[in-house]
Amino acid sequence: MSRSTRPVLVACSHGTRSARGAAAVDALVQAVREAAPADVVATFVDVQEPSLPDVLARLGRRPAVVVPLLLSGGYHVHHDIASAVARRHRHAAARPMGPHPAIVEVLLDRLGEAGLGEDDTVVLGASASSDPRAVADQRATADALARRLGRPVALGHVGHCGTPLDEVVARVRRPGRRVLVASHLLAPGHFHDAVGRAGAEIVTAPLLDERTPDPRLVSLVLERYAEALGASLAAAG
């Protein structure tokens, strides 16, 4: 199957008003475009354009797989993306990027870069969601990170709901020990800035670099595409 005849990989991110955040996501999409065996189109569920319904409409009858560039399965995955795909024949939705071992590996690297010490307390700082499925995905990532570190990792949120990150940081603080927040966010922007105001001594960088995205994240996007494509073909057969 040639590149032009394969289902389009629709890379669907949240969208941001942050120039740095947009650049980081653009770099990821470009790296996926260079590595993918199919055409790649970018779209957003909020803030930025083009919107997912507009992109799918422009594709018409051409098959497509929407890959959420999101770290957990919340409202945008289970409602916005799912409903947009359900309206159109020959379109499918992949699972979000997380939870996945590759996410944990990048988080471990970010903690190492931040100078994680043996006595430091680690908290996973994530974007809040009212969808319990998103919280379950985030907690799975926190638990996987805890197993790799050999120490507890609490989960805290920035946003309109969930367990406030600043309260979690205050609760786990112990005399003489630093609190490090592992930023469970894809790119710089509003939510990463909020993580930085939660009171921890150190906050790791987000998962994406603005210039050179981690190859493990590029491979993860391609894995989600292939996984959904295989499931779609199996269902059609």
Side-chain angles (χ1 to χ4, degrees), residues 3-4 6-98 126-131 133-134 137 158-161 183-195 206-214 217-218 220-222 224-225 228-229 232:
R3 183 185 185 95
S4 61
R6 285 180 178 270
V8 177
L9 191 164
V10 179
C12 185
S13 60
H14 184 277
T16 179
R17 294 182 178 86
S18 165
R20 293 179 59 213
V25 173
D26 286 348
L28 173 63
V29 173
Q30 182 57 35
V32 170
R33 185 174 287 118
E34 292 170 359
D39 291 336
V40 176
V41 178
T43 185
F44 308 90
V45 291
D46 199 4
V47 185
Q48 291 178 258
E49 298 290 341
S51 70
L52 178 59
D54 286 348
V55 165
L56 295 184
R58 287 204 294 268
L59 291 175
R61 294 181 55 81
R62 187 173 179 187
V65 173
V66 179
V67 181
L69 305 186
L70 302 167
L71 299 179
S72 58
Y75 182 85
H76 290 309
V77 169
H78 296 295
H79 182 269
D80 294 339
I81 294 174
S83 60
V85 166
R87 297 189 193 104
R88 311 198 67 84
H89 183 55
R90 304 177 76 191
H91 290 172
R95 291 192 290 163
M97 294 175 68
S127 175
S129 175
S130 59
D131 191 320
R133 291 168 291 190
D137 285 349
V158 290
H160 62 283
C161 56
S183 179
H184 186 249
L185 296 166
L186 200 57
H190 170 77
F191 288 109
H192 186 70
D193 291 344
V195 169
L207 299 180
L208 284 180
D209 184 275
E210 295 169 51
R211 294 172 299 278
T212 308
D214 193 298
L217 300 181
V218 177
L220 173 53
V221 174
L222 297 177
R224 292 303 195 216
Y225 170 80
L229 181 57
S232 179

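For the pair Thr16 and Pro188, the tightest heavy-atom approach, listed with the atom from each and the gap, is OG1-O, 4.4 Å. Here the closest non-hydrogen pair linking Ala64 and Val10 is CB-CG2, 4.0 Å. The two residues Arg224 and Ala94 come nearest to each other via the heavy atoms O-CB, 3.4 Å. Of all non-hydrogen atoms in Arg95 and Pro68, the two that sit nearest each other are O-CD, 3.5 Å. The shortest non-hydrogen separation linking Asp137 to Gly98 is OD2-O, 4.1 Å. In this structure, Ala134 and Gly74 approach most closely via the heavy-atom pair CB-CA, 3.6 Å.
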Given side-chain contact (heavy atoms from CB on, under 4.5 Å), test Val218 with Val32 step by step and report yes or no. CA-CA 6 Å; Val218 177; Val32 170; 4.1 Å; yes
Quick one: do Thr212 and Asp209 satisfy side chain to side chain donor-acceptor pair (under 3.5 Å)? Show the steps, please. CA-CA 6 Å; Thr212 308; Asp209 184 275; 4.7 Å; no
The test is side-chain contact (heavy atoms from CB on, under 4.5 Å); show your working for Leu207 and Asp214 and say whether it passes. CA-CA 8 Å; Leu207 299 180; Asp214 193 298; over 6 Å; no
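Between Ser129 atom OG and Leu71 atom CG the span is 12.0 Å, to the nearest 0.5 Å. Atom SG of Cys12 is separated from atom NE2 of His76 by 9.0 Å, given to the nearest 0.5 angstrom. Atom NE2 of His184 is separated from atom NE2 of His192 by 13.5 Å, given to the nearest 0.5 angstrom. Rounding to the nearest 0.5 angstrom, the gap separating the CZ atom in Phe44 from the CG atom in Asp54 is 12.5 Å. A distance of 10.5 Å separates CZ in Arg33 from CG in Leu28, rounded to the nearest 0.5 Å.
Annotation for Arg20: atom CZ does not count as buried by contact number, only 12 or fewer foreign heavy atoms lying within 6.0 Å.
Looking at heavy atoms from C-beta onward, Ser13 lies out of side-chain contact with Leu186 at the 4.5 angstrom threshold. Between Pro50 and Arg58, some side-chain heavy-atom pair lies under the 4.5 Å cut-off.
Side-chain atoms of Tyr225 never come within 3.5 Å of backbone atoms of Pro37 as a donor-acceptor pair (strictly under, hydrogens ignored). With His91 contributing its side chain and Arg62 its backbone, the two residues share a donor-acceptor pair below 3.5 Å.
Looking at Leu222, Val29, Val67 one by one, the single match for side-chain contact (heavy atoms from CB on, under 4.5 Å) with Val40 turns out to be Val29. Of the residues listed (Asp80, Ile81, Asp46), the one engaging Leu52 in a side-chain contact (heavy atoms from CB on, under 4.5 Å) is Ile81, and it is the only one.
By the side-chain contact (heavy atoms from CB on, under 4.5 Å) test, His78 is found to be paired with Asp131, Arg133, residues two or more places apart in sequence or in another chain being considered.
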